[in-house]
Amino acid sequence: MDQPIRVIEEKYLKKTLKAIKTAIAHTKAAIKQSNKNINDAAKGWDDVRIKTDTYSGIIETAMSVRQQQQLLAERENSKSRSQQRYETLVKQIKKPYFARIDFKEKNGEDTPSETIYIGLASFSDDDNNFLVYDWRTPVASIYYDGGIGDVEYLTPAGPQEAEVTLKRQFEIEDGVIVTLFDTEEAIGDAMLVNALAGESSTKMKSIVTTIQKEQNKIIRDTEADLLFVQGAAGSGKTAAIMQRVAYLLYRYRGKLTSGQVVLFSPNQLFNDYVDQVLPELGEQNLVQMTFYQYASRRLPRFQVENLNQRFEDQGKNPKIDQLMGSLAMYQAINTYANSLNQGGIRLRNLMFHGESLIRKEKIAEIYYHYNQNYRLSQRLEATQESLMRSLRSQVGVQIRQDWVEEAIENLSKQEYDDLVGAGRSRLGDDQEGDAAAKTRINQLGQGLQEREFSSDKAERHFLGKQIVTRELRPLARKIRRAAFLNINAQFVDFLNQVPDYLDLTQFNLSVAEWHEYVQKVIASLKNGEISLASATVYLYLYDLVTGKHGQRDIRFLFIDEIQDYTPLQLAFLKFSFPLAKFTVLGDLNQAIFTHENAQDLQDDFSQLFDGDKVHRVELNQTYRSTQQITDFTKAILKDGQRIEAFDRKGEKPVIKLYADNQEALVALRHQLSQNQADRESTAVITESLADARQLTEQLQDTDITLIHSENQRLVTGAIILPSYLAKGLEFDAVIIWQADAQHYHSENQRQLLYTVASRAMHRLTLIGTGTMSPLLTDLPQDLYQEE
Ligand SMILES: Nc1ncnc2c1ncn2[C@@H]1O[C@H](COP(=O)(O)OP(=O)(O)OP(=O)(O)O)[C@@H](O)[C@H]1O
């Protein structure tokens, strides 16, 4: 029986490979032709005649330059399309598909059975026969959603029922079928076991061949405005969202580009870890950033609190942390900003040559003389226009001032030439083809000639005007950038007024405690430092005052490790990306920053969306770790019962406690060599960065790399890293350093311990001194070995 199946399949593969080969040859020829077309088009530059004598000549020149540019762009586009296709085909010829399904559509009629093959991308031959279907096509969903029998899958026209009669999985390497087997399940366990058997790597891989049904739901959801995924550590949240991005880019191809999809990730290391998945799936990478980067980029004058500082500082005043990140704070900012329509805007004088040219009182008068119905953004815009008018009228005033006379006297030859036009850049010099440049050329006439003046007075007037305009330009820029708003003062004013805008007692805070905190914030602002919590308040207030509406071009926003965000941060992101559909993923049990507050997060955030458009998916099956490690880590949690381990056997986690640090270090060295001998790549995870640094010192003579900053690269081989940098990553073997009562003693660290322990795929060792951490003493003893 086996033989004929293999023969049939080999025949189909041969036919497919042959067609792909032909397509490769065609595409190669197309690329060659495109290159030739581009060269031909480039020659067209020789025919573009530059005429600058007359205005119509200039326009004619600009038009032919533009035409020429368009022609080239079209040909470049066509080349890059062919090149992309070529790259896909080259991948396809190695592994054209990974599955086959035979099914009948159930639509009341007696439809014939269909066979389709599923691969990374679709492939059709010259006669438009689809030999392979992209895994993202609606029909391919059948493969992921069920076993043999009836399945329902979603098409753009609505749900469709089908009866599946065969599911076959393939492993094809370099165009050769290595294995093939039929399965009755959704995704055969054998395939999954195989996929999970590999070793950890510094780069995440795609899971396209073994996507699970629950994950498929996440990947293909296009209805939700907010898709909330709660999933245990290692349940494939990150893997699923990378697939989802690839799916969305396919589903909305032509309308959606990878630049319109943004992922907020826990740290830079994580960005580095996942950056191969999309290229592997034949798509371009999305925009990835951390909240810290987002805030820092927008606040270049401040040193925003980084991951390490945030980790070390947390919990100093949990009540304040909770208040600063709450939705009550979000509301307070809204109400406060609204009140600025009546009064209270903080402004700066507009300074010119060391004196205030337009005083802030005057600006305030302008700002508030507009209609009551004006919104803050309109008020600001109208004020800017009015200030620009005042500035323009200043030209006539300033031109008569002594400083202008002096400036004219002191002009060097070069400055003079610059002002009167000689040596100024001309159309084409800087590729600038805008109307202003054309007009300038038109006015200046041809060549590097100087302007002629009818009299000394006219010359003086001309020069004076040029000088004053030049000097006033920075001020004009300030007005356009609304730099007359004193946003620092506004922020502090808001903080001072917080007790009037929200109920401090709800957060168990007294007014005195609050003001003490505000003083600290002011002191750090003076040092140019701002916490992440304050930065969020600051930016939101700034956006409301300046009437910013966020980035409207972003269509999909992903937030990984959402439990580390505050409700305010999320509300702010919703405001900042108003047209984006949100996919947020997290594990409330891994809340290493927000702790128990994370539990309310889901509800808080959902409030901001239309209830019908909020979808929730829970992933409880874990894939990363062996059964023994998952059973151990889930027992660390108080309510980890729902987490299900994947049936993959391994060693039990080992807890090793020693009398002193010296002995513990000896054991650590021993474990490191053992792991190395067993080819298990190891991460030694410490609680803090200081601990990681100290340990690295102590292991100086060992081949081990300290990962101290998120901007580093992950390397192969043994590494040491602090807990907060391990988020989202995984390693063959993990050693938790100082896993003892002295270091992991507080209930607050339970989630941290769970997070770090759940990074291990095959081997978990906990090494400490003294007594066992109280977070572990309650664990059933059969879940671990003690040494
Ligand atoms: N369907 C699947 N097929 C094969 N491997 C899978 C599948 N789902 C998840 N995995 C693997 O399981 C591991 C954990 O996945 P991932 O990192 O996405 O989990 P996570 O939920 O984001 O975890 P954490 O919250 O701990 O960061 C990865 O190695 C991933 O490739």
Side-chain angles (χ1 to χ4, degrees), residues 98-99 135 143-145 169 185-219 229-245 263 265-267 269-271 273-274 276-277 280-281 558-564 583-592 598 617-626 629-630 633-634 636-637 640 643-646 648 681 683 685 714 723-732 734 751-762 764:
F98 51 80
W135 63 279
Y143 166 69
Y144 299 109
D145 277 349
Q169 293 174 324
E185 303 152 272
I187 299 295
D189 265 3
M191 192 101 166
L192 194 52
V193 170
N194 209 6
L196 297 173
E199 286 160 11
S200 71
S201 128
T202 55
K203 296 287 179 190
M204 183 174 223
K205 296 183 197 74
S206 92
I207 55 164
V208 62
T209 53
T210 50
I211 293 167
Q212 300 293 292
K213 187 172 176 179
E214 284 308 291
Q215 296 172 330
N216 200 28
K217 259 196 221 161
I218 300 169
I219 294 167
V229 183
Q230 153 64 35
S235 58
K237 298 180 293 294
T238 309
I241 54 156
M242 296 317 282
Q243 298 289 146
R244 174 164 165 76
V245 174
L263 168 65
S265 42
N267 59 54
L269 270 182
F270 174 91
N271 285 346
Y273 171 58
V274 299
Q276 292 301 309
V277 183
E280 193 188 311
L281 291 168
F558 290 77
I559 309 175
D560 204 354
E561 309 281 355
I562 192 185
Q563 69 279 1
D564 292 337
T583 305
V584 301
L585 328 147
D587 181 0
L588 300 183
N589 289 319
Q590 296 183 59
I592 70 165
V617 180
E618 199 171 309
L619 300 177
N620 287 318
Q621 173 84 60
T622 68
Y623 301 100
R624 174 179 300 135
S625 316
T626 57
I629 294 177
T630 304
T633 54
K634 80 183 212 191
I636 298 176
L637 295 175
I643 301 172
E644 283 170 41
F646 186 76
R648 194 158 34 117
S681 76
I685 307 182
L714 276 178
S723 55
Y724 57 89
L725 286 183
K727 292 228 84 173
L729 307 180
E730 62 188 21
F731 310 93
D732 287 336
V734 165
Q751 302 194 322
L752 183 70
L753 189 58
Y754 169 73
T755 306
V756 293
S758 59
R759 301 305 97 201
M761 294 167 76
H762 313 128
L764 176 62

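Please read all numbers here as calculations on a predicted model, not as lab measurements. First listed ligand is number 1; within each ligand, the first listed atom is number 1. Heads up: numbering here begins at 1 and tracks the sequence.
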Identify the closest protein heavy atom to atom 5 (N) of ligand 1: which residue and atom is it, and at what distance?
-> Leu196 CD2, 3.4 Å
How far is atom 4 (C) of ligand 1 from its nearest protein heavy atom, and which residue and atom name does that atom have?
-> Thr210 OG1, 3.2 Å
Output yes when the distance from some N or O of ligand 1 to some N or O of Ser235 is under 3.5 Å, and no in every other case.
-> yes
Ligand 1 to Ser758 polar contact by distance, N or O atoms, under 3.5 Å = no
Atoms of ligand 1 under 4.0 Å from any heavy atom of Glu730, numbered from 1 in the order shown, are 13 (C), 14 (C), 28 (C), 29 (O)
If you scan protein heavy atoms around atom 22 (O) of ligand 1, the nearest is Thr238 OG1, 2.6 Å
Side chain of Glu644, backbone of Asn620: donor and acceptor closer than 3.5 Å?
-> no
Short list, please: which atoms of ligand 1 are under 4.0 Å from a heavy atom of Arg759?
-> 24 (P), 26 (O), 27 (O)
Which of the atoms in ligand 1, numbered in the order shown and given with their element, are less than 4.0 Å from a heavy-atom of Ala239?
-> 18 (O)
Check whether any side-chain N or O of Arg244 sits under 3.5 Å from a backbone N or O of Gln215 as a donor-acceptor pair, and report yes or no.
-> no
Which residue holds the protein heavy atom closest to atom 17 (O) of ligand 1, what is that atom called, and what is the gap in Å?
-> Arg624 NH2, 3.0 Å
Please confirm whether the backbone N or O of Phe558 pairs with a side-chain atom of Thr583, one donor and one acceptor, at under 3.5 Å?
-> no
4.5 Å side-chain heavy-atom contact, Asp587 and Tyr754 | yes
Which residue supplies the protein heavy atom nearest to atom 20 (P) of ligand 1, what is that atom called, and how far is it?
-> Lys237 N, 3.5 Å
Contact region, Ile207 to ligand 1, non-hydrogen atoms below 4.0 Å, reads side chain
Quick one: look at Glu561 and ligand 1, take heavy-atom pairs under 4.0 Å, and tell me if it's side chain, backbone, both or neither.
-> side chain
Any N or O of Tyr623 closer than 3.5 Å to N or O of ligand 1 = no
Does an N or O from Ala240, backbone or side chain, lie closer than 3.5 Å to an N or O of ligand 1?
-> no
Interfacing atoms of ligand 1 (cut-off 4.0 Å, heavy-atom, Gln212) | 1 (N)
Between the side chain of Lys634 and the main-chain N/O of Ile643, is any donor-acceptor distance below 3.5 Å?
-> yes
Heavy-atom gap Ala232 to ligand 1 smaller than 4.0 Å = yes
Proximal atoms of ligand 1 relative to Gly236 (non-hydrogen, under 4.0 Å) | 8 (N), 9 (C), 15 (O), 16 (P), 18 (O), 19 (O), 20 (P), 21 (O)
Hey, does Met204 sit under 4.0 Å from ligand 1 if you only count heavy atoms?
-> yes
Heavy-atom donor-acceptor pair, Gln276 side chain to Val274 backbone, under 3.5 Å = no
Identify the closest protein heavy atom to atom 23 (O) of ligand 1: which residue and atom is it, and at what distance?
-> Gly234 N, 2.9 Å
Indicate yes or no: does an N/O atom of Gln215 lie under 3.5 Å from an N/O atom of ligand 1?
-> yes
Taking C-beta and beyond as the side chain, do Trp135 and Ile211 meet within less than 4.5 Å on heavy atoms?
-> yes
Is Lys727 reaching over with its side chain to a backbone N or O of Pro266, donor-acceptor style, under 3.5 angstrom?
-> no
Backbone N or O of Ile207 within a donor-acceptor pair of the Gln243 side chain at under 3.5 Å?
-> yes
In terms of the angle between their ring planes, are Tyr143 and Phe98 parallel, tilted or perpendicular, with boundaries placed at 30° and 60°?
-> tilted
Taking Lys217 for its side chain and Asp145 for its backbone only, find out whether a donor-acceptor pair lies under 3.5 Å.
-> no
Heavy-atom side-chain contact between Arg759 and Arg624 under 4.5 Å | yes
